[in-house]
There are 2 protein chains.
Amino acid sequence: MTGAAEHGTDTRTRLLDAAMRLFTERGFAKVTVRDITAAAGANLAAVSYHFRDKAGLYEEVLALGLRSAQEMNAEVMLPREGHSPEERMRHYVRQYLPRIIRTDGRGGIYQLLKHEMSDPTPIARTYVRQAIMPRIEFLIEIVREMLGGTASDARVQRCVMSIQAQCLYFLPDPFKNLVAGDWQPGTSDQIREMADHIADFSLAGIRALGEARRGPRVRPR
Amino acid sequence: MTGAAEHGTDTRTRLLDAAMRLFTERGFAKVTVRDITAAAGANLAAVSYHFRDKAGLYEEVLALGLRSAQEMNAEVMLPREGHSPEERMRHYVRQYLPRIIRTDGRGGIYQLLKHEMSDPTPIARTYVRQAIMPRIEFLIEIVREMLGGTASDARVQRCVMSIQAQCLYFLPDPFKNLVAGDWQPGTSDQIREMADHIADFSLAGIRALGEARRGPRVRPR
DNA sequence: AGACGATTAATACAGTTGTTTGAATAGTTT
DNA sequence: AAACTATTCAAACAACTGTATTAATCGTCT
């Protein structure tokens with residue numbers, strides 16, 4: 001009875017779990033080694049021993065997050081051949097949105113990286129390429145197909161941005177809850193409803209921009 | 001010649017300027033009092049003397065940001081009566097987007113508050129109500145008018161979210177530059193182009209959701 | 001049992017942070 | 001000029017942080 005392990009797991013794993021949760025909640029800088037070791041029921045020196053230093057632990061946590069993000073990507077980008085771009089897009093949003101919204105511990109790399117937005121670590125660059133860019137490419141492919149081959153790259157990119165922006169808006173954010181807390185979809189039904197809204201809204205937008213070849217520019221003022 | 005004032009302004013003003021810039025760049029926690037006083041060419045104790053403490057200085061900076069945000073709101077929500085909702089929406093985005101994007105010092109409250117998203121201060125709540133909510137209400141009004149009186153509150157809210165999300169996506173963000181640095185509109189022409197895209201895209205989306213009274217739900221799988 | 005390597009524990013250390021203190025200086029009034 | 005107030009300054013303080021150190025403990029093998 002050392003007063004430490006409340007679970008059966010070993011210290012190293014408990015540290016990783018606690019660090020994943022805390023880093024996701026508050027970001028690297030705002031979590032102290034003492035916070036982590038206390039939450040894990042471990043000694044202060046355990047971080048140095050098992051992970052060299054705080055940064056080493058953070059890297060391992062990011063690696064875990066990257067893996068879970070890549071698994072997510074696989075599911076989100078599933079239907080490729082044999083489905084219309086509209087179907088692929090709807091499937092994408094329906095799968096992606098719930099994973100963006102959910103706040104449970106291993107919540108994926110996005111919530112981890114969100115804190116890096118304020119002060120990005122060099123590590124971030126790698127993870128952007130490996131976990132985020134593939135999804136962007138996937139969306140580009142879909143949108144280009146819907147707009148038709150004649151659409152300019154810039155137009156395709158803007159449409160991808162519109163989709164991406166609507167999804168990323170739902171990254172858990174204590175701040176946004178102040179603005180419109182009651183709007184946030186909570187139940188899985190509400191999330192599904194929101195996903196379908198984003199799909200419908202965006203499909204209409206893309207369709208309109210695809211038809212008007214030389215920019216609609218309604219009433220140019 | 002005390003070695004301090006390089007400008008003609010007094011210490012208090014220099015501290016406010018430096019603090020505004022630094023807090024906007026890095027957020028409250030990541031800026032030290034020594035950073036601020038050094039940037040302002042003032043003594044370390046000047047913050048305590050003029051603003052009670054670091055938090056007091058932060059409050060005054062937020063107050064300045066709130067005022068500039070409210071001035072912005074006035075311009076952004078200008079055309080009300082006598083203009084179609086489409087026109088008001090386009091004007092809104094065209095005015096709002098450049099102010100979101102620009103990164104110059106007194107860049108408004110959004111970039112200040114962005115850092116609070118990670119760890120919100122109680123102060124934030126006030127500023128959300130006074131600077132952000134009015135704009136949301138403005139958008140609600142516009143969207144409701146376009147959707148028609150029969151549209152449910154939830155549907156109106158979702159459309160407002162879609163517009164808001166596309167605009168907020170362009171908050172300066174060192175992280176997003178990694179994802180799609182070259183997409184970011186830089187020149188005022190590019191910004192205008194992006195604003196018109198958001199307006200066109202969203203108008204099409206709203207129009208589609210307005211026509212299909214009982215949800216389009218294309219190919220419900 | 002004894003020895004050895006791996007792990008955990010308590011404590012100390014150096015650096016940084018926000019804040020305070022008390023003296024020095026500048027500016028104004030009498 | 002003297003007195004007084006407002007401001008600036010250098011130095012110090014206490015709290016907190018990441019890390020290193022050294023001893024204690026555990027499990028396993030001979």
Side-chain angles (χ1 to χ4, degrees), chain A residues 1-62 112 115-116 118-119 121-123, chain B residues 1-62 112 115-116 118-119 121-123:
Chain A
M1 197 238 290
T2 59
E6 296 154 2
H7 323 66
T9 60
D10 60 351
T11 305
R12 195 189 145 88
T13 310
R14 271 179 293 131
L15 283 175
L16 271 176
D17 282 342
M20 168 75 84
R21 184 173 59 82
L22 291 172
F23 283 146
T24 301
E25 282 174 13
R26 306 186 223 157
F28 180 77
K30 298 219 181 68
V31 174
T32 71
V33 178
R34 285 170 175 82
D35 289 338
I36 299 170
T37 52
N43 186 271
L44 173 61
V47 165
S48 297
Y49 180 77
H50 286 284
F51 302 95
R52 191 191 67 220
D53 55 10
K54 184 187 175 187
L57 172 55
Y58 186 58
E59 283 178 35
E60 291 228 21
V61 168
L62 277 182
L112 261 171
H115 297 281
E116 297 238 0
S118 304
D119 70 323
T121 314
I123 320 176
Chain B
M1 196 239 290
T2 60
E6 296 154 2
H7 324 66
T9 60
D10 60 350
T11 304
R12 195 189 145 88
T13 310
R14 271 180 294 131
L15 283 175
L16 271 176
D17 282 343
M20 168 74 86
R21 184 172 59 82
L22 291 172
F23 283 146
T24 302
E25 282 174 11
R26 306 184 224 158
F28 180 77
K30 298 220 180 70
V31 174
T32 71
V33 178
R34 286 170 175 83
D35 289 338
I36 299 170
T37 52
N43 186 271
L44 174 61
V47 165
S48 297
Y49 180 77
H50 288 283
F51 303 95
R52 193 191 66 222
D53 54 11
K54 184 187 174 188
L57 171 55
Y58 187 57
E59 283 177 37
E60 292 230 21
V61 168
L62 277 182
L112 262 171
H115 298 281
E116 298 238 0
S118 304
D119 70 324
T121 314
I123 320 174

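Numbered from 1 within each chain, the chains take letters A, B, ... in sequence-line order.
One interatomic measurement links the two molecules: CG of A/Asp10 to P of D/dC26, which rounds to 17 Å at whole-angstrom precision. Distance CG (B/Asp53) to P (D/dC13): 22 Å, rounded to an integer number of Å. Taking atom NZ on B/Lys54 and atom P on C/dT20, their separation rounds to 14 Å, with Å as the unit. In this entry the distance linking CG of A/Asp35 with C1' of D/dT17 reads 10 Å, nearest Å. Straight-line distance from the CG atom of A/Leu15 to the P atom of C/dA9: 11 Å, rounded to whole Å. The nearest whole Å value for the distance from the CZ atom in A/Phe51 to the C1' atom in D/dT19 is 16 Å. As rounded to whole Å, 14 Å separates atom C1' of D/dA24 from atom OH of A/Tyr49. Here C/dA23 presents its C1' atom at 16 Å from CG of B/Leu44, a figure rounded to the nearest Å.
For the OP1/OP2 pair of C/dT8 and a distance below 4.0 Å, the side-chain nitrogens and oxygens of A/Thr11 include at least one atom meeting the criterion.
Going from atom OH of A/Tyr49 over to atom OG1 of A/Thr11 covers 10.0 Å, rounded to the nearest 0.5 Å. Atom CD1 of A/Ile36 sits about 13.5 Å away from atom CZ of A/Arg14, to the nearest 0.5 Å.
In this structure, A/Arg52 and B/His50 both approach DNA chain D, and ranking their closest nucleotides by distance from the 5' end singles out B/His50. Toward the 5′ end of DNA chain D lies the nearest nucleotide of A/Thr32, the other residue of the pair A/Thr32 and A/Asn43 mapping further downstream.
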| Can B/Glu59 and B/Phe51 be said to form a side chain to side chain contact (heavy atoms under 4.5 Å, CB included), step by step? | CA-CA 9 Å; B/Glu59 283 177 37; B/Phe51 303 95; over 6 Å; no
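If you check every strand for non-hydrogen atoms under 4.0 Å, A/Ala46 touches nothing.
Among the nucleotides C/dT19, C/dA12, C/dT20, the one closest to any side-chain atom of B/Ala45 is C/dT20.
Checked against B/Val61 for a side chain to side chain contact (heavy atoms under 4.5 Å, CB included), the options B/Leu112, B/Asp17, B/Leu15, B/Leu22 give a single hit: B/Leu112.
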